[in-house]
Q: 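Handing you this structure, nothing more for now.
In what follows, chains carry the letters A, B, and so on, assigned in the order in which the sequence lines appear, proteins first and then strands, with residues in each chain numbered from 1.
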Protein chains: 2
Amino acid sequence: MNDRNMQVTTLAGAPAPARGRGRPSAREDLPCPIRDVLDRIGDAWSVLVITTLEPGPGRFNQLRRQVDGISQRMLTVTLRHLERDGLVSRTVIPSTPPQVEYALTDTGRSLCLPLKVLADWAGSHQSVIRGARRQYDIGGN
Amino acid sequence: MNDRNMQVTTLAGAPAPARGRGRPSAREDLPCPIRDVLDRIGDAWSVLVITTLEPGPGRFNQLRRQVDGISQRMLTVTLRHLERDGLVSRTVIPSTPPQVEYALTDTGRSLCLPLKVLADWAGSHQSVIRGARRQYDIGGN
DNA sequence: CCGAATCCCTAACGATACTG
DNA sequence: CAGTATCGTTAGGGATTCGG
């Protein structure tokens with residue numbers, strides 16, 4: 001029940017001084033909006049889940065298959081985070097076997113545009129970036 | 001000399017099976033552009049460094065002071081990554097004491113727009129998100 | 001089918017000390 | 001000033017196992 005909040009507390013409530021790992025801010029209660037978002041979409045899986053959910057709602061194992069490569073644990077964790085931030089809704093359909101549907105909320109859908117802008121940038125610059133990397137790696141040796 | 005590439009190799013060249021940590025893709029050579037970008041801006045400091053560099057070039061310790069909270073090590077690592085991806089240029093001015101100027105490249109500057117879109121979204125939705133979180137946290141207990 | 005709990009390894013990070 | 005090298009800590013994440 002309240003177990004759900006344990007990871008969450010550690011992640012945002014910051015009861016621990018967190019010496020080993022310190023993100024820029026986001027742990028202080030000072031409202032740094034960009035950090036909030038980056039902490040969410042920065043964790044790699046979130047974006048994939050969101051884009052997977054964009055066409056329409058999906059169930060757990062369905063998502064598990066679609067996202068490809070995600071562990072069941074990370075899918076759970078990611079969905080919890082997204083749910084907590086109000087980006088994804090979780091609907092339990094009591095039946096046998098039980099079904100759970102995940103869907104983007106309005107907020108979640110509104111995030112898709114900024115994400116798309118970023119994806120477009122990524123697409124139109126990937127060759128430049130790959131090239132720069134190769135160049136850099138050559139020079140290093 | 002070639003030490004620079006060690007971390008880099010581990011990060012993108014993927015010689016190791018990487019069991020402990022597995023990002024979605026980005027380690028396979030399959031071009032997944034969005035992953036490349038997210039791996040870069042997802043690491044928290046990169047975005048701060050980029051936005052700090054946006055107004056104009058800056059030197060190492062100058063950036064160190066401006067970014068606030070970043071360790072000297074992470075600034076180095078972050079700058080190396082950005083340099084490798086061709087987002088930031090590094091210019092050594094031989095003098096005593098030596099000066100090194102970091103500046104956004106054209107590619108780096110072009111990333112600022114997508115970043116701004118994201119930041120704007122973050123700004124206009126932060127209250128909703130914070131609210132959703134509070135709500136979620138209450139329900140959990 | 002949908003998850004939560006545990007185990008354990010790895011890499012990311014901060015702190016610190018040292019070099020050109 | 002502008003870094004590099006080493007060390008210790010810890011959070012992230014895969015694998016696995018158990019519960020409703």
Q: Give, for atom CG of B:L111 and atom OG1 of B:T105, the distance between the pair rounded to the nearest 0.5 Å.
A: 9.5 Å

Q: Under a single-linkage rule joining Ile, Leu, Val, Met, Phe, Trp and Tyr whose side-chain heavy atoms are separated by less than 4.5 Å, which residues share a cluster with A:V117?
A: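 Its cluster partners, ordered by chain and number, are B:V117.
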
Q: Which residues pass the salt bridge (Lys or Arg N to Asp or Glu O under 4.0 Å) test with A:R134, sequence neighbours left out?
A: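 Residues passing salt bridge (Lys or Arg N to Asp or Glu O under 4.0 Å) with A:R134: none at all.
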
Q: Whole Å only: how far is the CE atom of A:M74 from the P atom of C:dC9?
A: 19 Å

Q: Side-chain donor-acceptor contacts of residues 53-63 of chain B below 3.5 Å, not counting sequence neighbours, with atom names and distances?
A:
unit_1, atom_1, unit_2, atom_2, d
B:Q62, OE1, B:R59, N, 3.4

Q: Let me know the distance between CG of A:L75 and C1' of C:dG3, rounded to the nearest Å.
A: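 So the CG-C1' distance, A:L75 to C:dG3, works out to 10 Å.
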
Q: So that I can tick it off, tell me whether B:D39 and B:R35 are bridged by a salt bridge, with the cut-off set at under 4.0 angstrom between side-chain N and carboxylate O.
A: yes

Q: Can you tell me the distance, in whole Å, between the CZ atom of B:R73 and the C1' atom of C:dA11?
A: 10 Å

Q: What is the distance, to the nearest angstrom, from the CZ atom on B:R90 to the C1' atom on D:dA2?
A: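 It works out to 8 Å between those atoms.
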
Q: Among C:dA4, C:dC13, D:dG13, which nucleotide has an atom closest to any side-chain atom of A:R80?
A: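 Of the options given, the side chain of A:R80 lies nearest C:dA4.
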
Q: Establish, with yes or no, whether the OP1 or OP2 oxygen of C:dG3 is under 4.0 angstrom from a side-chain nitrogen or oxygen of A:R64.
A: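 So the side-chain polar atoms of A:R64 never come under 4.0 Å of the phosphate oxygens OP1 or OP2 of C:dG3.
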
Q: Looking only at side-chain atoms of B:W45, point me to the closest of C:dC2, C:dG14, C:dC1.
A: C:dG14

Q: Salt bridge or not between A:D85 and B:R130? Use side-chain N to carboxylate O under 4.0 Å.
A: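 No.
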
Q: If only side-chain N and O atoms of B:Y102 are considered, is one of them under 4.0 Å from the OP1 or OP2 phosphate oxygen of D:dC1?
A: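 So the side chain of B:Y102 is outside the cut-off, no N or O lying under 4.0 Å from OP1 or OP2 of D:dC1.
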
Q: Rounded to whole angstrom units, what separation is found between the CG atom of B:L79 and the P atom of D:dC1?
A: 16 Å

Q: Enumerate the residues from residues 51-60 of chain A whose closest heavy atom to DNA chain C is under 4.0 Å, giving them by residue number; use none for an empty result.
A: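 Only A:R59, A:F60 qualify.
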
Q: Between C:dC7 atom C1' and A:Q72 atom CD, what is the distance in whole Å?
A: 15 Å

Q: Can you tell me which residue pairs pass the ring-ring contact (aromatic ring centres under 6.0 Å, His included) test with a partner in residues 103-127 of chain A, sequence neighbours excluded?
A: A:W121-A:H125

Q: Counting only side-chain heavy atoms from C-beta out, which of C:dA4, C:dG14, D:dC1 sits nearest to B:R65?
A: D:dC1

Q: To the nearest 0.5 Å, how far apart are CZ in A:R90 and CD in A:E101?
A: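 Between A:R90 CZ and A:E101 CD, I get 12.0 Å after rounding to 0.5 Å.
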
Q: Calculate the interatomic distance between B:Q99 atom CD and D:dG3 atom P; express it in whole Å.
A: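 Spelled out: CD on B:Q99 to P on D:dG3 is 12 Å.
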
Q: Check this for me, if you would: do A:D43 and A:R40 make a salt bridge, where the nitrogen-to-carboxylate-oxygen distance has to be below 4.0 angstrom?
A: yes

Q: Could you write out DNA chain C as a dot-bracket string, with dots for unpaired bases, | for bases paired across to another strand, and Watson-Crick or G-U pairs counted at under 3.5 Å?
A: ||||||||||||||||||||

Q: For A:E83 and C:dC2, what is the distance between atoms CD and P respectively, to the nearest whole Å?
A: 15 Å

